[in-house]
Visitor: 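Got a structure for you, questions after.
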Amino acid sequence: MNLPAIETITVALGERSYPVSIGSGLLADHARWRDALRGKHVLVMSNTTVAPLYLDHVAKGLEGLSWSSLLLEDGEAHKSFANIGVALDALAKLGATRDACIIALGGGVIGDMAGFTAACWMRGIDFIQMPTTLLAMVDSSVGGKTGVNHPGGKNLIGAFHQPVAVVADTDTLATLPDRELRAGLAEVIKYGLIWDPELFDWIEANVGAIIGRDPDMLRLAIARSCEIKAMVVAADEREQSLRAVLNFGHTFGHAIEAATGYARYLHGEAVALGMLMACDLSARLGMIDADVTQRLRSLLLEAGLPVEPPRIGAAAALGLMQMDKKVQAGSIRLVLLERLGKAAIVSRYPQAALDELLTRYCG
Ligand SMILES: NC(=O)c1ccc[n+]([C@@H]2O[C@H](COP(=O)([O-])OP(=O)(O)OC[C@H]3O[C@@H](n4cnc5c(N)ncnc54)[C@H](O)[C@@H]3O)[C@@H](O)[C@H]2O)c1
């Protein structure tokens with residue numbers, strides 16, 4: 001696979017279509033994104049970890065505009081409705097008009113909050129995603145799901161609001177902690193499993209180089225992931241049907257995250273465990289060969305991702321799965337594999353098979 005140094009993918013949504021640019025040096029390459037700013041007001045939202053590293057690169061591109069930055073504290077705990085109020089206050093202070101733009105500089109937490117703030121101000125202003133984690137580059141910055149957590153659950157408050165551009169500067173991954181990089185890779189592996197068997201083979205062959213942050217390998221992995229996400233979002237923006245396949249491994253993963261207080265696992269790590277369980281269940285139901293589960297397990301181990309779920313108890317796991325946002329009319333819809341590279345949404349399956357799986361993995 002060969003790609004140009006900078007890859008641009010379009011998320012095709014008619015008038016709301018937007019480019020996703022992926023490559024080295026993009027934050028400082030202002031010509032690439034400055035045109036996306038329509039008005040003179042810009043609020044850069046970031047956090048206290050990312051801003052000291054990269055805000056300067058962005059600031060140089062904002063010369064001549066009326067802009068300010070809002071640096072939130074780092075962490076999922078700060079992805080709160082209260083902080084949306086803080087961001088809206090910052091827009092008011094800036095005197096932000098309808099043509100204002102918010103720039104999200106950070107990982108998925110900042111991206112989700114900046115997007116939701118943009119959706120709220122004056123019933124919707126522009127925002128640009130500048131993702132700085134692998135997870136945000138391959139997943140959260142593309143597709144327009146925005147929001148914050150509620151004490152009652154993760155991401156319960158939110159809106160669909162598409163960015164006007166995504167600028168993924170792969171140089172920023174140089175400072176990302178190893179564990180975060182591996183967690184992001186789990187989502188790349190997901191795209192291989194649900195959509196692209198060649199991508200899965202390619203990750204198997206190159207996992208060492210990807211984890212070793214080879215720039216070409218990272219760019220390839222991000223570009224292919226974004227291509228797949230863009231296709232799925234273009235086909236089903238509001239998750240009426242197809243987009244649900246992107247939740248592969250997530251229903252199990254969310255249960256594990258919730259049972260462990262969102263403290264023990266990064267999201268991508270919980271998704272890795274969830275994908276293994278979903279794969280295993282697909283095999284037990286005769287949908288795929290057992291060797292797919294074996295291959296996934298080996299790949300996760302090589303990627304430094306967990307493969308042994310915590311013993312949270314089968315009943316507790318089932319209870320938490322039933323609280324997932326994807327549950328419809330009380331039945332847990334599972335995303336399973338029909339084959340390596342093709343996912344299916346399954347509403348009818350023997351409950352005993354799910355119970356047996358949960359007992360085996362969760363105790
Ligand atoms: N909107 C969506 O479609 C979608 C999809 C998946 C996940 N999400 C959300 O994304 C969030 C998780 O995103 P995440 O994994 O990016 O976590 P994150 O935003 O918390 O970032 C992870 C950590 O890395 C730090 N960091 C970010 N970039 C860095 C860099 N370049 N160098 C050094 N440190 C850096 C952050 O400060 C943070 O401590 C969750 O809130 C999840 O709900 C949203």
Side-chain angles (χ1 to χ4, degrees), residues 11 20 24 26-27 45-55 57-58 71-80 83 104-119 127 129-150 153-163 166-188 190-191 213 218 222 225-226 229-230 232-233 237-239 243-244 246-250 253-254 257-258 262-263 265-272 274 324-325:
V11 182
V20 180
S24 161
L26 293 184
L27 291 186
M45 287 176 65
S46 189
N47 72 19
T48 49
T49 305
V50 176
L53 297 168
Y54 302 112
L55 181 57
H57 295 56
V58 178
L71 309 189
L72 298 168
E73 281 182 68
D74 192 355
E76 186 74 35
H78 303 285
K79 192 173 137 181
S80 64
N83 271 334
L105 177 67
V109 167
I110 289 296
D112 280 11
M113 293 180 77
F116 187 51
T117 307
F127 81 112
Q129 290 274 18
M130 295 190 177
T132 62
T133 64
L134 183 58
L135 182 128
M137 290 183 191
V138 300
D139 189 1
S140 63
S141 67
V142 176
K145 280 192 184 177
T146 74
V148 292
N149 301 326
H150 181 272
K154 262 193 87 176
N155 297 328
L156 286 183
I157 306 164
F160 282 98
H161 188 55
Q162 299 290 343
V166 179
V167 180
D169 185 338
T170 49
D171 293 352
T172 61
L173 297 177
T175 53
L176 189 68
D178 238 14
R179 191 176 164 200
E180 297 286 352
L181 188 83
R182 292 169 195 272
L185 182 56
E187 298 283 357
V188 183
K190 178 192 77 180
Y191 291 116
R213 299 176 203 234
L218 282 172
I222 297 162
S225 301
C226 288
K229 181 140 188 196
V232 173
V233 168
E237 183 183 6
R238 300 225 159 201
E239 200 170 310
R243 189 166 175 170
L246 297 175
N247 298 319
F248 180 69
H250 284 60
H254 285 155
E257 281 183 286
Y262 298 98
Y265 298 99
L266 297 177
H267 175 68
E269 293 171 338
V271 167
D324 197 84
K325 286 203 291 299

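Keep in mind that this is a model prediction, so the values were computed, not measured. Counting starts at 1 for both ligands and their atoms, following the listed order.
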Visitor: To check your reading of the model: name the closest protein heavy atom to atom 6 (C) of ligand 1, its residue, and the distance in Å.
Guide: Asp139 OD2, 3.4 Å
Visitor: Heavy-atom distance to atom 31 (N) of ligand 1: which of Asn247, Thr172, Leu173, Asn155 wins?
Guide: Thr172
Visitor: Below 4.5 Å, heavy atoms only, C-beta onward: do Met130 and His57 meet side chain to side chain?
Guide: no
Visitor: If you have a sec, work out which protein heavy atom is nearest atom 39 (O) of ligand 1 and how many Å separate them, to one decimal?
Guide: Asp74 OD2, 2.8 Å
Visitor: Do Val11 and Val20 have side chains that get closer than 4.5 Å, going by heavy atoms?
Guide: yes
Visitor: Starting from atom 7 (C) of ligand 1, what is the nearest protein heavy atom, named by residue and atom, and what distance separates them?
Guide: Leu135 CD2, 3.7 Å
Visitor: Who's closest to atom 33 (C) of ligand 1 heavy-atom-wise, of Thr49, Val109, Thr175, Asp112?
Guide: Thr175
Visitor: Closer than 4.0 Å to some heavy atom of Lys229 - which atoms of ligand 1 meet that?
Guide: 3 (O)
Visitor: I want to confirm something. Looking only at heavy atoms, which of His78, Met137, Lys145 is nearest to atom 3 (O) of ligand 1?
Guide: Lys145
Visitor: I need the nearest protein heavy-atom contact for atom 21 (O) of ligand 1: residue, atom name and distance, please.
Guide: Thr133 CG2, 3.6 Å
Visitor: Below 6.0 angstrom between ring centroids: does that apply to His161 and Phe116?
Guide: no
Visitor: Can Glu73 be said to touch ligand 1, with heavy atoms closer than 4.0 Å?
Guide: no
Visitor: Considering heavy atoms of the protein only, find what lies nearest to atom 5 (C) of ligand 1 and give residue, atom and distance to 0.1 Å.
Guide: Ser140 CB, 3.5 Å
Visitor: Around atom 23 (C) of ligand 1, find the nearest protein heavy atom and jot down its residue, atom name and distance.
Guide: Glu180 OE2, 3.5 Å
Visitor: Which bit of Leu176 is near ligand 1, meaning a heavy atom under 4.0 Å away: side chain, backbone, both or neither?
Guide: both
Visitor: To which protein heavy atom is atom 14 (P) of ligand 1 closest, and what is the distance rounded to 0.1 Å?
Guide: Gly108 N, 3.5 Å
Visitor: Determine whether Gln129 and Val167 make a side-chain contact, defined as any pair of heavy atoms from C-beta on separated by less than 4.5 Å.
Guide: no
Visitor: With heavy-atom distances below 4.0 Å as the criterion, list the atoms of ligand 1 near Tyr54.
Guide: 31 (N)
Visitor: Nearest protein heavy atom to atom 40 (C) of ligand 1, by residue and atom, and its distance?
Guide: Glu76 OE1, 3.2 Å
